[in-house]
Number of protein chains: 2
Amino acid sequence: MKKETTSLKKLAQELNLSVSTISRALNDHPDISDSTKTKVQKLAAKLNYVPNIFAKGFRQHKTNIIGVIVPNITHYFTSTILKGILEEASLKGYRVIISESNNDAVKQTEMLKTMLQFNVDGILMSISKVTRQVDDILRIIDNVPLILFDKASNKIPCSQVVINEEESAYNAIEHLINIGKKRIAIIKENEYSYNSERRYAGYLRALKEHNIPIDEKIIISVDDISLRQGKRMTNLLLSIKNKPDAIFAITDSAAIGVIQTLKKFNIKIPEEIAIIGFSNSINSTIIEPMLTTIDQPGERMGATAVKYMIEEIENPNDIGNKTIELKGNLIIRDSTFKAS
Amino acid sequence: MKKETTSLKKLAQELNLSVSTISRALNDHPDISDSTKTKVQKLAAKLNYVPNIFAKGFRQHKTNIIGVIVPNITHYFTSTILKGILEEASLKGYRVIISESNNDAVKQTEMLKTMLQFNVDGILMSISKVTRQVDDILRIIDNVPLILFDKASNKIPCSQVVINEEESAYNAIEHLINIGKKRIAIIKENEYSYNSERRYAGYLRALKEHNIPIDEKIIISVDDISLRQGKRMTNLLLSIKNKPDAIFAITDSAAIGVIQTLKKFNIKIPEEIAIIGFSNSINSTIIEPMLTTIDQPGERMGATAVKYMIEEIENPNDIGNKTIELKGNLIIRDSTFKAS
DNA sequence: TATTTGTACGCAAACGTTTGCGGTAACGTT
DNA sequence: AACGTTACCGCAAACGTTTGCGTACAAATA
């Protein structure tokens, strides 16, 4: 447990130079001659000098730390985004602090505050669907760059990196229409969920543009979508007189719940009812029949979020306010299309 | 982008007190009268004072940051551990920096070094299975407390938090024996994988204690276990003359690959061949038949790792060197036991 | 030769916090 | 009244780094 940290002072003493010269030599300052630069850098390497990040961050109000807040790290798609974030950040010399909001609004703002305490250079956030008011979040923007990803909000003026959810959902529904489905149900979340609302918008537009009537009875909203909710809502959908011939579940896990209960009732998939999910989670290839779904480029989303973040960190004057849309990719599998 | 940070100095000026008094008042120092304490604390709350962690950490060589290194954040079980770590850490006032080693030994030691640069108070690590030499890791221990979790090593003298993998595997094999299986294959990883070796040890002990001969031909090792490898090795196992009547796959995803190829060959599960996995991943309940497996308490593992870490941080004299074993839990499902 | 320019380096302040030490006043004790 | 004790509080240093400014010397210019 020894702490034999080599500081600038130690290097200075060793070389009979001043601390400032050492500092400048290591930072490649033009005022320093090449000969001393190399001399200093060699000794620094030899003595395994590592700058004290805290002194540095303390001095120049820069920490090279990016804060990340996500609702649930356990969620597979989220974890792929995080992978992209970690990768890109470490490539650019940044560290990442991750916090979970657990879909708890109070905890979320608390997280934001402690992030500020830690003087993070920027905050990447996927806002919880339980977020009702954005005042606390808006206050953050005054202090530090903020970029939203995956779960965004038009109430917050900042850059956002998202999937083209509306269009992807549109493509999914159009695919269902193309295979002859005419009565397409949707299982979605309530209106506070960004992802759900965007996908729902794509659903509505696809139906309208293909002149398919919209029936409120097969538009199902739940507060907390899940596999279990997928099961329950399928039971509900099967109980109405005019059953759907396709179900778009806003989420892969819900779609899997749908498949499981349809199988329980021996309903043929996709002939009687086709199913489509969203996310291309691992499970979607394990369930039988394999689930048609939309693949989301998680790692790429994380990486681009970090890129734009560093952009904003290094140019603090122009705060970005653009929305970057990454394309989702429809993956057709057995739950909508049976290879003959 | 305004930085109107309220510092101790500002509070001091406002109240006509010295900076030291403010500092002590906020830290509940006995030298300060109750009246000024409340006065200071009220103003601090009103002016939304947040201590500059970098000044603090800089001053007292304590960062309240715990570094975490995992092979792959995307791995479900790993993400549950991380959830536990984040939870417990934030409860105790610590922040967490996460890095991925991506099963790359060079990157792993690099991560360790940058963690040290950031002056983390301690490092939690799940060592990559590609780790061949532990010299770099041993050097870390001199500087900062280290605790290993999930993937451990007896070559590193530090506290370790693991699952009772050997015993859990033993229980799994015993369960197979109890349902009448006599020729039990195992699909495992090479000898550098901690988890694999422990589970293999349990496998061997169970067979020995039940007087079942050990046959090298049905002991299969692969370098990088996965669903695909599960499939390929099942093909291999089915090609030998004396087929196994049960397969223990070291991993749920491999076990799922086993199930999928057995189904392809119309082999009855569990009557002809029973299957058992390890981890109780989400997938294990989605595959049909549902997979018998061992549930690992991921969140609890993360939380206890953090607890012991904080223990070591706050008592730097007694470096821990104990191994904490958390109990895995055999979950019996259809892949080994058909309810009649 | 006198003046300017440029090069290479040092001095010292500053960042916000903690903390050992010293000091003052009020109080209690003989 | 003199002394010791206690309760509060301020001074100033320290942590390691960066950086504006000053300065010494050499080279270039007039």
Side-chain angles (χ1 to χ4, degrees), chain A residues 2-41 43-44 47-65 93 114 116-121 143, chain B residues 2-41 43-44 47-65 93 116-121 143 314:
Chain A
K2 53 192 168 179
K3 284 272 185 184
E4 32 133 284
T5 45
T6 42
S7 63
L8 290 184
K9 202 198 297 182
K10 192 170 288 178
L11 293 179
Q13 287 169 346
E14 202 82 14
L15 292 175
N16 275 329
L17 287 171
S18 75
V19 179
S20 16
T21 303
I22 304 289
S23 173
R24 282 190 254 257
L26 292 174
N27 291 334
D28 204 34
H29 194 280
D31 265 10
I32 308 298
S33 72
D34 290 342
S35 62
T36 54
K37 266 183 196 170
T38 55
K39 200 167 50 177
V40 170
Q41 282 159 358
L43 186 71
L47 263 59
N48 197 24
Y49 167 76
V50 280
N52 183 325
I53 303 256
F54 273 75
K56 208 170 183 170
F58 169 51
R59 175 60 219 259
Q60 53 191 22
H61 290 283
K62 177 118 173 32
T63 60
N64 271 40
I65 296 182
T114 49
L116 284 188
Q117 269 192 44
F118 264 80
N119 269 342
V120 293
D121 290 342
N143 293 320
Chain B
K2 51 189 169 180
K3 284 272 188 186
E4 34 136 282
T5 45
T6 42
S7 62
L8 290 185
K9 203 199 296 180
K10 193 170 288 178
L11 293 180
Q13 288 170 343
E14 201 82 15
L15 292 175
N16 276 328
L17 287 171
S18 76
V19 178
S20 18
T21 304
I22 304 289
S23 173
R24 281 190 255 257
L26 291 174
N27 290 335
D28 205 33
H29 194 280
D31 264 9
I32 308 299
S33 71
D34 290 341
S35 63
T36 52
K37 266 182 194 169
T38 55
K39 201 166 53 177
V40 170
Q41 282 160 357
L43 186 71
L47 264 58
N48 197 24
Y49 168 76
V50 280
N52 183 327
I53 303 258
F54 273 75
K56 207 169 182 170
F58 169 48
R59 174 60 217 265
Q60 53 193 25
H61 289 286
K62 176 119 172 31
T63 61
N64 272 40
I65 296 183
L116 284 188
Q117 268 191 45
F118 265 81
N119 269 340
V120 293
D121 290 341
N143 293 319
E314 290 173 356

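Just so we're on the same page: letters track the sequence lines, and every chain starts at 1.
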Return the value, rounded to whole Å, for the distance between atom NE2 of B/His29 and atom C1' of D/dC8.
11 Å

What is the distance, to the nearest angstrom, from the CG atom on A/Asp28 to the C1' atom on D/dT17?
17 Å

By salt bridge (charged side-chain N to carboxylate O under 4.0 Å, His left out) - contacts of A/Lys9 (at least two apart):
none

Rounded to the Å, how far apart are A/Lys10 NZ and D/dT17 P?
11 Å

Mind checking what makes salt bridge (charged side-chain N to carboxylate O under 4.0 Å, His left out) contact with B/Lys39, not counting sequence neighbours?
none

Partners of A/Thr38 by side chain to side chain contact (heavy atoms under 4.5 Å, CB included), sequence neighbours excluded?
none

Could you work out, with side chain to side chain contact (heavy atoms under 4.5 Å, CB included) as the rule, every residue matching A/Asp121, not counting sequence neighbours?
A/Lys62, A/Thr63, A/Asn64, A/Tyr94, A/Ile313

Quick one: which residue pairs count as a side-chain hydrogen bond (donor to acceptor under 3.5 Å, both in side chains) with a foot in residues 13-23 of chain B, not counting sequence neighbours?
B/Ser18-B/Ser20, B/Ser18-B/Thr21

To the nearest angstrom, how far is B/Ile22 atom CD1 from C/dT19 atom C1'?
16 Å

Quick test: give all pairs of protein nitrogen or oxygen and nucleotides 11-16 of chain D nitrogen or oxygen below 3.5 Å, distance rounded to 0.1 Å.
| unit_1 | atom_1 | unit_2 | atom_2 | d |
| --- | --- | --- | --- | --- |
| D/dC11 | N4 | B/Ser20 | OG | 2.8 |
| D/dA14 | N3 | B/Arg59 | NH1 | 3.4 |

Grab the NZ-P distance between B/Lys37 and D/dA7 for me, whole Å please.
12 Å

Results of salt bridge (charged side-chain N to carboxylate O under 4.0 Å, His left out) for B/Lys37 - residues two or more places apart only
B/Asp28

Spacing of A/Leu17 atom CG relative to C/dC11 atom C1', expressed in whole Å:
14 Å

Residues that A/Asp34 engages under salt bridge (charged side-chain N to carboxylate O under 4.0 Å, His left out), provided they are two or more places apart
none

Does B/Thr36 put a side-chain nitrogen or oxygen below 4.0 Å from OP1 or OP2 of D/dC8?
no

Might you point out which heavy atoms bring B/Tyr49 and B/Thr6 nearest each other, and give the distance in Å?
CD1-O, 2.9 Å

What does the list of N/O pairs under 3.5 Å between the protein and nucleotides 22-28 of chain C look like, with a distance for each?
none

